[in-house]
Amino acid sequence: MKIATWNVNSLNVRLPNVLAWIDQAKPDILCLQETKLTDDKFPTAAFEDKGYYVEAHGQKTYNGVALLSLHPMEDVTRGLPGDKSDEQARYVEATIIADDNAVRVASLYLPNGNPVDTDKYPYKLGWMTRLEKRMQKLLALEEALVFAGDYNVIPANEDVHDPEAWADDALFKPETRAQFRRMLNLGFTDSYRACHATPNQYSFWDYQRGAWPKDHGIRIDHLLLSPQAVDLLTGSDIDRDVRSWEKPSDHVPVWCELDI
DNA sequence: ATGCCGGGCGAAGCCCGA
């Protein structure tokens with residue numbers, strides 16, 4: 001079972017690329033972020049035509065996440081639990097039923113948090129604390145779990161082309177990385193790092209300043225696996241070539257393969 | 001190291017992302 005995550009930066013604009021990538025990569029499950037669409041505008045039929053079930057959780061203009069799955073989905077949770085006043089559409093979670101196996105998958109779009117001297121940064125840290133609580137709660141079920149998405153977290157120096165330039169950024173500040181490590185320390189594994197020790201492998205390149213041709217990127221899109229999911233992990237990779245396509249997103253798909 | 005890009009909204013120029 002191939003599970004992928006991709007921040008598409010507007011599904012309206014990116015739909016042709018997403019459909020082309022699906023044809024090529026054939027993911028069983030695709031977690032999308034930054035769809036920027038309300039659920040009534042979601043291009044459900046385009047994915048159903050390819051055999052996917054769709055669970056979207058969107059809003060107008062900003063954010064928006066979705067789960068596409070070739071297998072049926074159950075028990076859908078929309079919105080990250082823990083703050084009923086939070087109206088930002090950044091989280092959707094469902095159980096995917098594949099034959100005799102089940103895996104619970106979340107598609108998440110963690111807040112950026114910049115500028116750090118505004119309320120955006122405490123919102124990010126608060127959101128991370130809520131995510132950690134959610135992970136802890138699901139971990140107790142001892143099931144295969146995959147939390148996939150745009151974490152807006154650079155885990156380590158080897159995941160950014162110029163660590164010093166990013167030192168005070170919300171994506172790389174020590175507090176941000178410490179909070180990310182707390183999630184890993186619950187018992188979760190970064191699928192890409194479990195499969196590759198190679199430094200300087202990125203999932204995002206800014207549209208500006210020639211970041212892509214210079215390979216000035218950051219690795220911020222991750223799949224975090226519970227121990228039961230890691231036991232099934234057979235591979236993980238970043239489809240970096242997609243960044244060179246016509247009208248690309250600034251993020252590329254990241255995926256892992258589970259022996260299910 | 002920000003807003004040089006790219007997208008949304010809406011029909012110009014501002015807001016936002018990372």
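The sequence lines fix the lettering, A, B, ..., with proteins before strands; numbering per chain opens at 1. It should be emphasised that the depicted structure is a prediction, and the values quoted were computed from it without experimental measurement.
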**Prompt:** Expressed in angstrom and rounded to an integer, what is the separation of Leu15(A) atom CG from dG8(B) atom P?
**Reply:** 12 Å
**Request:** Flag the pair Arg243(A) and Asp250(A) as a salt bridge only when some basic side-chain nitrogen lies within less than 4.0 angstrom of an acidic carboxylate oxygen.
**Result:** no
**Request:** Please report, rounded to the nearest Å, how far the P atom of dT2(B) is from the CG atom of Leu171(A).
**Result:** 13 Å
**Message:** By the 4.0 Å heavy-atom rule, please label Lys120(A) as base, sugar-phosphate, or nothing.
**Reply:** sugar-phosphate
**Request:** Give me the one residue out of Glu34(A), Gln33(A), Gln88(A) that meets side chain to side chain donor-acceptor pair (under 3.5 Å) with Tyr109(A).
**Result:** Glu34(A)
**Request:** Determine whether Asp23(A) and Lys50(A) make a side-chain contact, defined as any pair of heavy atoms from C-beta on separated by less than 4.5 Å.
**Result:** yes
**Asked** Roughly how many Å is it from CZ in Arg90(A) to P in dC16(B), rounded to a whole number?
**Response** 12 Å
**Message:** Looking only at the side chains, is there a donor atom on one of Asn114(A) and Lys124(A) sitting less than 3.5 Å from an acceptor on the other?
**Reply:** no
**Item:** Leu11(A) or Asn152(A), whichever maps to the more 5' nucleotide of DNA chain B
**Value:** Leu11(A)
**Message:** Can you work out whether Pro111(A) or Ala165(A) has the more 5'-proximal nearest nucleotide on DNA chain B?
**Reply:** Ala165(A)
**Message:** Counting the atoms with a prime plus P, OP1 and OP2 as sugar-phosphate, which does Asp168(A) contact under 4.0 Å by heavy atoms, base, sugar-phosphate, or nothing?
**Reply:** nothing
**Message:** Does anything in residues 32-45 of chain A come within less than 4.0 Å of DNA chain B? Heavy atoms only, and list the residues if so.
**Reply:** Glu34(A), Lys36(A)
**Request:** Report yes or no: is the cationic atom of Arg219(A) (NZ for Lys, CZ for Arg) closer than 6.0 Å to the six-membered ring centre of Tyr202(A), at no more than 45° off its axis?
**Result:** no
**Tyr121(A) OH - dG17(B) P separation (whole Å)** = 15 Å
**Prompt:** For His222(A), which of Phe204(A), Phe188(A), Tyr151(A) qualifies under ring pair (Phe, Tyr, Trp, His ring centres under 6.0 Å)?
**Reply:** Tyr151(A)
**Request:** Go through residues 247-255 of chain A and report each residue with a non-hydrogen atom lying under 4.0 Å from DNA chain B, sorted by number.
**Result:** Lys247(A), His251(A)
**Distance, P atom - from dA1(B) to dG13(B), rounded to whole angstrom** = 31 Å
**Item:** Contact residues, residues 57-67 of chain A to DNA chain B [heavy atom, < 4.0 Å]
**Value:** Lys60(A), Thr61(A), Tyr62(A)
**Message:** So Leu11(A) and Val18(A), do their side chains get closer than 4.5 Å, heavy atoms only?
**Reply:** yes
**Prompt:** Given dG7(B), is OP1 or OP2 found less than 4.0 Å from the side-chain N or O atoms of Arg14(A)?
**Reply:** yes
**Request:** Return the nearest nucleotide to the side chain of Tyr109(A); candidates are dA1(B), dG17(B), dG8(B).
**Result:** dG17(B)
**Request:** Would you indicate which nucleotide in dC5(B), dT2(B), dG8(B) comes nearest to any side-chain atom of Asn12(A)?
**Result:** dG8(B)
**Asked** Within this structure, what is the CG-to-P distance between Asp169(A) and dT2(B), rounded to whole angstrom?
**Response** 9 Å
**Same-atom distance (P) from dG6(B) to dG10(B), integer angstrom** = 23 Å
**Request:** Give a yes/no verdict on a cation-pi contact between Arg177(A) and Phe172(A), requiring under 6.0 Å between NZ or CZ and the six-membered ring centre and an angle within 45° of the axis.
**Result:** yes
**Message:** Taking the C1' atom in each of dT2(B) and dA12(B), what is the distance between them to the nearest angstrom?
**Reply:** 23 Å
**Item:** Interatomic distance where CH2 belongs to Trp205(A) and P belongs to dG6(B) [whole Å]
**Value:** 16 Å
**Asked** How long is the gap from CG on Leu37(A) to CG on Leu15(A), to the nearest 0.5 Å?
**Response** 9.5 Å
**Prompt:** Does one side chain, of Asn12(A) or Ser10(A), offer a donor that lies under 3.5 Å from an acceptor on the other?
**Reply:** no
**Request:** Could you give me the CA-CA distance, side-chain angles and deciding distance for Asp150(A) and Arg90(A), then say whether salt bridge (Lys or Arg N to Asp or Glu O under 4.0 Å) is met?
**Result:** CA-CA 10 Å; Asp150(A) 176 359; Arg90(A) 295 177 174 273; over 6 Å; no
**Asked** Is the shortest distance from a Lys or Arg side-chain nitrogen in Arg134(A) or Glu93(A) to a carboxylate oxygen in the other one below 4.0 Å?
**Response** yes
**Prompt:** Please give, in whole Å, the distance from dG17(B) P to Ile220(A) CD1?
**Reply:** 12 Å
**Request:** State whether Glu74(A) and Arg104(A) are salt-bridged, where the test is any N-O pair (Lys NZ or Arg NE/NH1/NH2 against Asp/Glu carboxylate O) under 4.0 Å.
**Result:** no
**Message:** Between C1' on dG17(B) and CG on Asp150(A), what's the gap in Å once rounded to a whole number?
**Reply:** 10 Å
